[in-house]
There are 2 protein chains.
Amino acid sequence: MEVAQKMMRDSGFHGTSMRDIAAAMNMEAASLYNHISGKEEILKSTCFGLAEKFQSGIDEVNDIYFNAVEKLQMAVKSHVQLLTENLDASFVFIHEWRNLNEPYRAEFVHLRDKYENAFRVILQNGEDEGLFKEVDYKFAVLTILSSMNWVVEWYKPDGGMTPVQIAEKLTDFILSGLKK
Amino acid sequence: MEVAQKMMRDSGFHGTSMRDIAAAMNMEAASLYNHISGKEEILKSTCFGLAEKFQSGIDEVNDIYFNAVEKLQMAVKSHVQLLTENLDASFVFIHEWRNLNEPYRAEFVHLRDKYENAFRVILQNGEDEGLFKEVDYKFAVLTILSSMNWVVEWYKPDGGMTPVQIAEKLTDFILSGLKK
DNA sequence: CCTACCGATCGGTAGG
DNA sequence: CCTACCGATCGGTAGG
């Protein structure tokens, strides 16, 4: 799976053939079918496996923390850590889920909506607690998720920032913006 | 080109065949080659055409406006307007440029870096003018661009928000964040 | 703009 | 885990 995810990160789902994957593992393509049922299984297990991890992360945050600022901080941290710990898989998760066939594609979108909704609830809590401005939640959540997900585009494990530092900078940006 | 861009938005570059495009135009695949040199030309003209429009937009903003806050506002507005006016093309531009072959892929990345740099200069101006906090510019620019680009994922022309309203909300978010 | 076709490659299977 | 192979489809060309 890891080999396949890395190749799909570089070349996309359609741009990576079963023969490519097999060659990278010093096998013939036919041999792969003793381990997986088909090419789509790679995509399915990558997308749904990560979706579950992300959801578990935010569920845990909502169980443990009470203050909306804290919840947002920890939710961002959980998300960024999962992304950086599963870089290739996350890239595939973010970019290639569209290649899932129905009904899996619809199911994936459903899980995504559920995750977005958990963030929305945090923002609403924040407003109720008087900590956050009144904002368009749907819009704000999409903006937050996009800035988090973009991390997979440029993050390098040996770069200057740790996942925790990235999460902190992101949270600062989300909470306070650029203006002095 | 518009038909091809729309199909590639739905199915990706590799997921859209010349036969698919031809069928949507009531032609045979072979006939397409009287109009374009090959499949990659669709991707090239989409990606480089938009890259030039985005760059012109920010160059104009930098020529006309002086205050960094104004520049940022107008740069976001220009970006969002171009995105929403060319939704299918923008989607391909953002998601499918990786399928460009060299040397075009490298050239595209170069144009992208140039565009990012123009945003970075605006943020530096803002700090010099005492309007913006001291921040990690590279990080801030990537966050801003990601939140702008994500608009293509959910924007619907007949939805509740105009491009200008989206640009305003985004600018507010970028400048002031969520916290009260 | 079409018919007819090319070589290459795809995901996957049979059978061992 | 392999050899051998299937039908389908791909981007693209020749020639009209």
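In the text below, chain A, chain B and the rest are named by the order of the sequence lines, each starting its count at 1.
Among the heavy atoms of the strands lying under 4.0 Å from Thr16(B) are primed sugar atoms or P, OP1, OP2 only; no base atom is included. Nucleic acid contact for His14(B): none, since no nucleic acid atom lies under 4.0 Å from a heavy atom of the residue.
Taking a cutoff of 4.0 Å between a charged side-chain nitrogen and a carboxylate oxygen, Glu107(A) and Lys114(A) do not qualify as a salt bridge.
In the model, Asp128(B) has no side-chain atom that pairs as donor or acceptor with a side-chain atom of Gln124(B) under 3.5 Å. Side chains of Thr171(B) and Gln73(B): no donor on one and acceptor on the other come within 3.5 Å.
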Please step through ring pair (Phe, Tyr, Trp, His ring centres under 6.0 Å) for the pair His110(A) and Tyr104(A), ending with a clear verdict. CA-CA 10 Å; His110(A) 177 72; Tyr104(A) 303 106; over 10 Å; no
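Atom CD of Glu28(A) and atom P of dA14(C) are 19 Å apart (whole Å). Counting to the nearest Å, the P atom of dG15(C) and the OH atom of Tyr33(A) are 18 Å from each other. Distance, His35(B) NE2 to dG11(D) C1': 17 Å, rounded to whole Å. Counting to the nearest Å, the P atom of dC6(D) and the CE atom of Met18(A) are 20 Å from each other. Taking atom CZ of residue Arg19(B) and atom P of nucleotide dA8(D), one finds them 14 Å apart after rounding to whole Å.
For Ala30(B), counting side-chain heavy atoms from C-beta on, the closest listed nucleotide (dA14(D), dC1(C), dG11(C)) is dA14(D). With dC1(D), dT3(C), dG12(C) as the choices, the nucleotide that has an atom nearest any side-chain atom of Met27(A) turns out to be dC1(D). Comparing dC2(C), dC5(D), dG11(D) by their closest approach to the side chain of Lys39(B) singles out dG11(D).
Figure legend. dG15(D) is base-paired to dC2(C); pairs are counted as Watson-Crick or G-U wobble with both atom distances under 3.5 Å.
Contact between the side-chain N/O atoms of Ser17(B) and the OP1/OP2 oxygens of dT9(D) is not found at any separation under 4.0 Å.
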